Amino acid sequence: MHLSSDNKFSPLAKQVERRLTQNQVDLVKKKTANIAELRILPEQFQRKTLSLFPNGQVAEYELIYLVRYQVQKPNKEPLSFNFELSREFQDDPNNALAKERERQLILSELRVLASDRILSQLMMIQ
């Protein structure tokens, strides 16, 4: 299989590559006509406010992670997939640095979950 991404530094693409390698999938560097391609499309994050502090600052929001990818099998039309994952996040303006670190950990966790979902969906379309 050939793995590609619009962003060669995509954290999701790197995570998917790790998962594929762990599952003994042979990855080729160059795309050829007789090899399937998994193309990771740009990831998107959104925030949705869930609650506010009395002073109007955001107290809690939902992080929404949108994932899109395509699978191109030899001599077939590409199959497009998308899904979203979400987590609730409580903000605290008095601990901005710690909360930013926590947010980064949540995003990293969402990428791991997304890569696992991509692999399980790939197994279903074989």
Side-chain angles (χ1 to χ4, degrees):
M1 173 176 277
H2 175 71
L3 176 64
S4 68
S5 173
D6 290 346
N7 175 1
K8 71 178 188 174
F9 302 110
S10 165
L12 178 58
K14 291 190 182 305
Q15 182 62 40
V16 169
E17 181 178 7
R18 251 184 248 118
R19 289 291 197 227
L20 289 169
T21 303
Q22 289 170 349
N23 284 281
Q24 287 127 15
V25 174
D26 291 328
L27 294 174
V28 296
K29 295 290 181 193
K30 290 190 177 188
K31 183 181 182 215
T32 60
N34 61 343
I35 293 184
E37 177 184 18
L38 171 60
R39 181 175 183 83
I40 306 295
L41 300 172
E43 60 190 354
Q44 296 177 343
F45 290 99
Q46 297 176 350
R47 289 193 326 190
K48 180 177 162 185
T49 301
L50 297 178
S51 64
L52 300 172
F53 287 116
N55 66 1
Q57 287 184 307
V58 175
E60 182 180 27
Y61 54 86
E62 180 180 29
L63 288 170
I64 302 167
Y65 181 43
L66 306 165
V67 177
R68 298 179 308 130
Y69 66 97
Q70 291 180 332
V71 176
Q72 173 76 54
K73 289 183 165 185
N75 304 317
K76 304 262 179 158
E77 290 294 315
L79 302 171
S80 295
F81 299 89
N82 62 68
F83 59 89
E84 68 180 47
L85 301 170
S86 64
R87 291 287 181 273
E88 291 181 8
F89 178 76
Q90 294 182 346
D91 204 1
D92 182 357
N94 296 324
N95 293 309
L97 190 58
K99 284 301 182 174
E100 176 58 23
R101 178 69 180 134
E102 181 182 351
R103 188 179 73 81
Q104 291 299 324
L105 287 171
I106 290 171
L107 297 179
S108 178
E109 174 189 317
L110 289 172
R111 285 186 180 107
V112 169
L113 293 171
S115 66
D116 289 345
R117 181 176 286 186
I118 289 171
L119 259 61
S120 66
Q121 288 177 338
L122 283 175
M123 294 171 93
M124 285 193 265
I125 62 170
Q126 286 184 3

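Being a predicted model, the structure only gives us computed values, none of them experimental.
Looking at Gln46 and Glu62, their side chains never come closer than 4.5 Å, going by heavy atoms from C-beta outward. Glu109 places a side-chain heavy atom less than 4.5 Å from the side chain of Leu113. With a 4.5 Å cut-off on side-chain heavy atoms, Val28 and Met1 do not count as touching.
Environment of CG in Asp26: sparse, with no more than 12 heavy atoms of neighbouring residues, nucleotides or ligands closer than 6.0 Å. Enclosure of atom CD in Glu77 is not indicated, since only 12 or fewer non-hydrogen atoms of other residues, nucleotides or ligands lie within 6.0 angstrom. Counted within 6.0 Å of CG on Leu105, heavy atoms from surrounding residues, nucleotides or ligands total more than 12; the atom is thus considered enclosed. More than 12 non-hydrogen atoms from other residues, nucleotides or ligands lie less than 6.0 angstrom from CG of Asn23.
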Next item on the list: Take Gln104 and Arg101 through the test side chain to side chain donor-acceptor pair (under 3.5 Å) and record every step on the way to the result.
Entry: CA-CA 5 Å; Gln104 291 299 324; Arg101 178 69 180 134; over 6 Å; no
Checklist line | From CA spacing to verdict: side-chain contact (heavy atoms from CB on, under 4.5 Å), Arg103, Tyr61 | finding: CA-CA 11 Å; Arg103 188 179 73 81; Tyr61 54 86; 3.6 Å; yes
Next item on the list: Verify side-chain contact (heavy atoms from CB on, under 4.5 Å) between Gln70 and Leu79, making sure each step is shown before the conclusion.
Entry: CA-CA 5 Å; Gln70 291 180 332; Leu79 302 171; over 6 Å; no
Item checked: side-chain contact (heavy atoms from CB on, under 4.5 Å) assessment of Ile118 paired with Val67 -> CA-CA 9 Å; Ile118 289 171; Val67 177; 4.1 Å; yes
Check: Run the side chain to side chain donor-acceptor pair (under 3.5 Å) check on Tyr65 and Glu43 step by step: do they pass?
Finding: CA-CA 7 Å; Tyr65 181 43; Glu43 60 190 354; 2.4 Å; yes
Checklist line | Chi angles and distances behind the side-chain contact (heavy atoms from CB on, under 4.5 Å) call for Val58, Phe53 | finding: CA-CA 6 Å; Val58 175; Phe53 287 116; over 6 Å; no
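Under a hydrophobic clustering in which Ile, Leu, Val, Met, Phe, Trp and Tyr are joined whenever their side-chain heavy atoms come within less than 4.5 Å, directly or via other members, Leu107 and Val112 fall into different clusters. Both Ile125 and Ile40 are assigned to one and the same hydrophobic cluster, defined by single-linkage of ILVMFWY side chains at heavy-atom distances under 4.5 Å.
Ser5 contributes a side-chain N or O that, together with a main-chain N or O of Asn7, makes up a donor-acceptor pair within less than 3.5 Å. A donor-acceptor distance shorter than 3.5 angstrom exists from the side chain of Thr21 to the backbone of Glu17, with no hydrogens or angles considered. With hydrogens and angles disregarded, no donor-acceptor distance shorter than 3.5 Å links the side chain of His2 to the backbone of Glu37. Checking side-chain atoms of Lys99 against main-chain N and O of Gln90 turns up a donor-acceptor pair under 3.5 Å. Panel note: side chain Gln72, backbone Lys76; a donor-acceptor pair is recorded below 3.5 Å.
Taking both residues in full, the closest heavy atoms of Leu85 and Ala114 are given as CD1-N, 3.7 Å, listed atom of the first, atom of the second, then distance. Heavy-atom minimum distance, Gln15 versus Ser115: CG-OG, 3.3 Å.
Interatomic distance, CG of Leu63 versus CG of Leu50, reported as 9.5 Å (0.5 Å rounding). Note that CG of Leu66 is 10.5 Å distant from CG of Leu110, once rounded to the nearest 0.5 Å. Of the inter-residue distances, the one linking Leu122 atom CG with Leu119 atom CG reads 6.0 Å to the nearest 0.5 angstrom. Of the inter-residue distances, the one linking Phe89 atom CZ with Arg47 atom CZ reads 8.5 Å to the nearest 0.5 angstrom. Leu41 CG to Leu12 CG: the interatomic distance, rounded to the nearest 0.5 Å, is 10.0 Å. Annotation: the span from Arg68 atom CZ to Arg39 atom CZ amounts to 10.5 Å, rounded to 0.5 Å.
Ring pair Tyr69/Phe81 is parallel by interplanar angle, where below 30° counts as parallel and above 60° as perpendicular.
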